Amino acid sequence: MSWLLTGGAGYIGAHVLRALQGAGHEVVVLDDLSTGVRRKVPEGVPLVRASVRDTAAVARAMTEHGVRGVVHLAAKKAVGESVERPRWYYQENVLGALSLADAMIEAGVRDIVYSSSAAVYGAVDVDLVTEDTPTLPVSPYGETKLIGEWVFRDVAAAHGLSVVALRYFNVAGAGSDALGDTGAFNLIPMVFRALSNGERPQVFGADYPTPDGSCIRDYIHVADLADAHAAAAGFAAAAPAGGSAAYNIGRGVGASVFDVMATVSQVVGYDVAAEVVARRPGDPARIVAAADAARTDLGWTARRDLSDMVASAWSAWQATG
Ligand code: WQD
């Protein structure tokens with residue numbers, strides 16, 4: 001009995017794969033390799049090269065590999081790109097979710113862990129975001145992630161599936177040097193890229209209503225995030241049919257852009273001398289998770305801090321040059 005991991009050749013997927021194996025599960029990866037890379041899938045793990053939108057191929061993979069549950073990560077994930085190409089995001093993320101739900105019903109697979117995002121909340125105005133904070137996404141990306149939650153919730157209720165959605169906050173770090181984030185439009189890789197190019201890293205706005213004026217986020221180590229999927233898989237499998245739940249996956253700890261810059265300076269051993277530039281449109285001043293529900297229900301809690309994230313990301317960045 002295996003778990004089908006969609007998007008298992010990507011940055012987060014490669015970590016989730018190892019966490020599932022660590023929890024004793026057999027894993028089959030389904031990935032179209034549009035952004036994923038084959039070398040991140042270890043020898044001996046079956047890789048089905050297909051899109052989640054190919055319902056027949058997904059159902060066949062489930063039957064052939066004796067799949068008992070799905071961890072669904074395969075999706076488009078760039079906020080800016082989703083604003084420029086909304087139809088593509090709806091096709092890939094929403095039709096992808098529908099196709100996967102169809103394949104699960106066809107193949108008789110019940111349990112699913114769904115990769116959602118803090119982007120479902122939009123620009124919140126609360127200190128800590130709980131799972132009951134209203135979901136008002138402000139990008140097509142966030143909208144497609146929220147619609148995916150609704151697809152699996154409603155299909156679970158009607159067809160007896162069991163679903164756990166995980167709302168990721170700001171994912172960073174690397175579980176090993178070979179597994180770093182090469183996608184690189186997020187803050188920490190952007191800082192590294194600037195340093196590698198001999199440029200000054202940029203702080204997008206220092207006039208926000210926060211203690212140091214820069215934006216505050218809840219950074220979560222990708223290896224901790226991966227462990228949350230293994231915990232969620234166990235929870236989904238033990239839950240009654242028809243149920244659905246969503247959990248924030250963060251640390252409940254806010255770090256400002258200047259805090260991140262200071263941590264990078266410590267890790268690299270010199271002052272990175274960041275420069276303050278204009279705000280980036282659409283950035284909320286602060287978004288930090290209340291992480292209690294995941295601890296209580298899933299028995300999961302983050303173990304690694306911002307220094308661990310920056311140090312492991314820097315090590316991987318240097319290793320892959
Ligand atoms: C973090 C902070 C920037 C680069 C996005 C999505 C979210 C999730 C993660 C997928 C912000 C500031 C950044 C730089 C900077 N995506 N910044 N200089 O925007 O919080 O979250 O990615 O699920 O849904 O919205 O992440 O890493 O882009 O930015 O000052 O060179 O760093 O303004 O405050 P963000 P980020």
Side-chain angles (χ1 to χ4, degrees), residues 7 10-13 16 35 72-83 89 92-93 114-124 129 135-149 165-173 181 183-197 199-222 225 228 246 248-251 253-264 272-289 306 309-310 313 317:
Y11 163 57
I12 294 173
V16 172
T35 54
H72 176 42
L73 271 58
K76 298 292 153 205
K77 63 166 186 177
V79 174
E81 185 179 63
S82 79
V83 176
Y89 271 66
E92 292 293 302
N93 295 0
Y114 169 66
S115 159
S116 187
S117 170
V120 301
Y121 295 113
V124 291
V129 178
T135 45
L136 296 163
V138 293
S139 69
Y141 168 71
E143 288 160 1
T144 62
K145 282 286 154 179
L146 184 56
I147 294 170
E149 287 193 16
L166 302 180
R167 294 174 176 167
Y168 309 167
F169 280 65
N170 286 64
V171 185
D181 186 5
F185 287 105
N186 295 113
L187 172 60
I188 293 171
M190 294 273 278
V191 174
F192 293 162
R193 175 160 307 129
L195 297 179
S196 297
N197 293 341
E199 293 160 3
R200 293 175 69 186
Q202 297 185 324
V203 177
F204 295 159
D207 57 351
Y208 286 94
T210 59
D212 67 18
S214 67
C215 291
I216 294 177
R217 297 286 181 273
D218 186 340
Y219 295 91
I220 174 84
H221 196 297
V222 65
L225 174 76
N248 289 341
I249 303 298
R251 288 186 303 141
V253 176
S256 73
V257 177
F258 285 119
D259 291 334
V260 173
M261 297 292 180
T263 307
V264 174
V272 300
E275 74 174 318
V276 175
V277 298
R279 289 184 179 195
R280 183 174 68 180
D283 276 339
R286 174 190 163 92
I287 175 157
V288 177
L306 188 59
M309 293 177 226
V310 173
W317 181 270

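Keep in mind it's a predicted model, so treat the numbers as computed, not measured. Order of listing sets the numbers, starting from 1, for every ligand and every atom in it.
The backbone N or O of D207 lies less than 3.5 Å from a partner atom in the side chain of R279, making a donor-acceptor pair. Side-chain N or O atoms of R251 include none that pairs as donor or acceptor with a backbone N or O of D218 at under 3.5 Å. Under the 3.5 Å distance criterion, the side-chain polar atoms of R286 are left unmatched by any main-chain donor or acceptor of I216.
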Polar pairs, ligand 1 vs protein, N/O only, below 3.5 Å.
{"residue": "ligand 1", "atom": "18 (N)", "partner": "Q202", "partner atom": "O", "Å": "2.7"}
{"residue": "ligand 1", "atom": "19 (O)", "partner": "R280", "partner atom": "NH2", "Å": "2.8"}
{"residue": "ligand 1", "atom": "20 (O)", "partner": "N170", "partner atom": "ND2", "Å": "3.0"}
{"residue": "ligand 1", "atom": "20 (O)", "partner": "R217", "partner atom": "NE", "Å": "2.5"}
{"residue": "ligand 1", "atom": "22 (O)", "partner": "N186", "partner atom": "ND2", "Å": "3.1"}
{"residue": "ligand 1", "atom": "23 (O)", "partner": "S117", "partner atom": "OG", "Å": "3.3"}
{"residue": "ligand 1", "atom": "23 (O)", "partner": "Y141", "partner atom": "OH", "Å": "2.7"}
{"residue": "ligand 1", "atom": "24 (O)", "partner": "S117", "partner atom": "OG", "Å": "3.4"}
{"residue": "ligand 1", "atom": "26 (O)", "partner": "N170", "partner atom": "ND2", "Å": "3.1"}
{"residue": "ligand 1", "atom": "27 (O)", "partner": "N186", "partner atom": "ND2", "Å": "3.3"}
{"residue": "ligand 1", "atom": "27 (O)", "partner": "L187", "partner atom": "N", "Å": "2.8"}
{"residue": "ligand 1", "atom": "28 (O)", "partner": "R280", "partner atom": "NH1", "Å": "3.2"}
{"residue": "ligand 1", "atom": "28 (O)", "partner": "R280", "partner atom": "NH2", "Å": "3.0"}
{"residue": "ligand 1", "atom": "29 (O)", "partner": "R280", "partner atom": "NH2", "Å": "3.4"}
{"residue": "ligand 1", "atom": "30 (O)", "partner": "Q202", "partner atom": "O", "Å": "3.4"}
{"residue": "ligand 1", "atom": "30 (O)", "partner": "F204", "partner atom": "N", "Å": "2.8"}
{"residue": "ligand 1", "atom": "33 (O)", "partner": "D283", "partner atom": "OD2", "Å": "2.6"}

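Of the N and O atoms on the side chains of Y121 and N248, at least one donor lies less than 3.5 Å from an acceptor on the other residue.
Under the 30°/60° scheme for interplanar angles, the aromatic rings of Y141 and Y89 are found to stand perpendicular.
Counting heavy atoms from C-beta outward, D259 and R217 have side chains that stay 4.5 Å or more apart.
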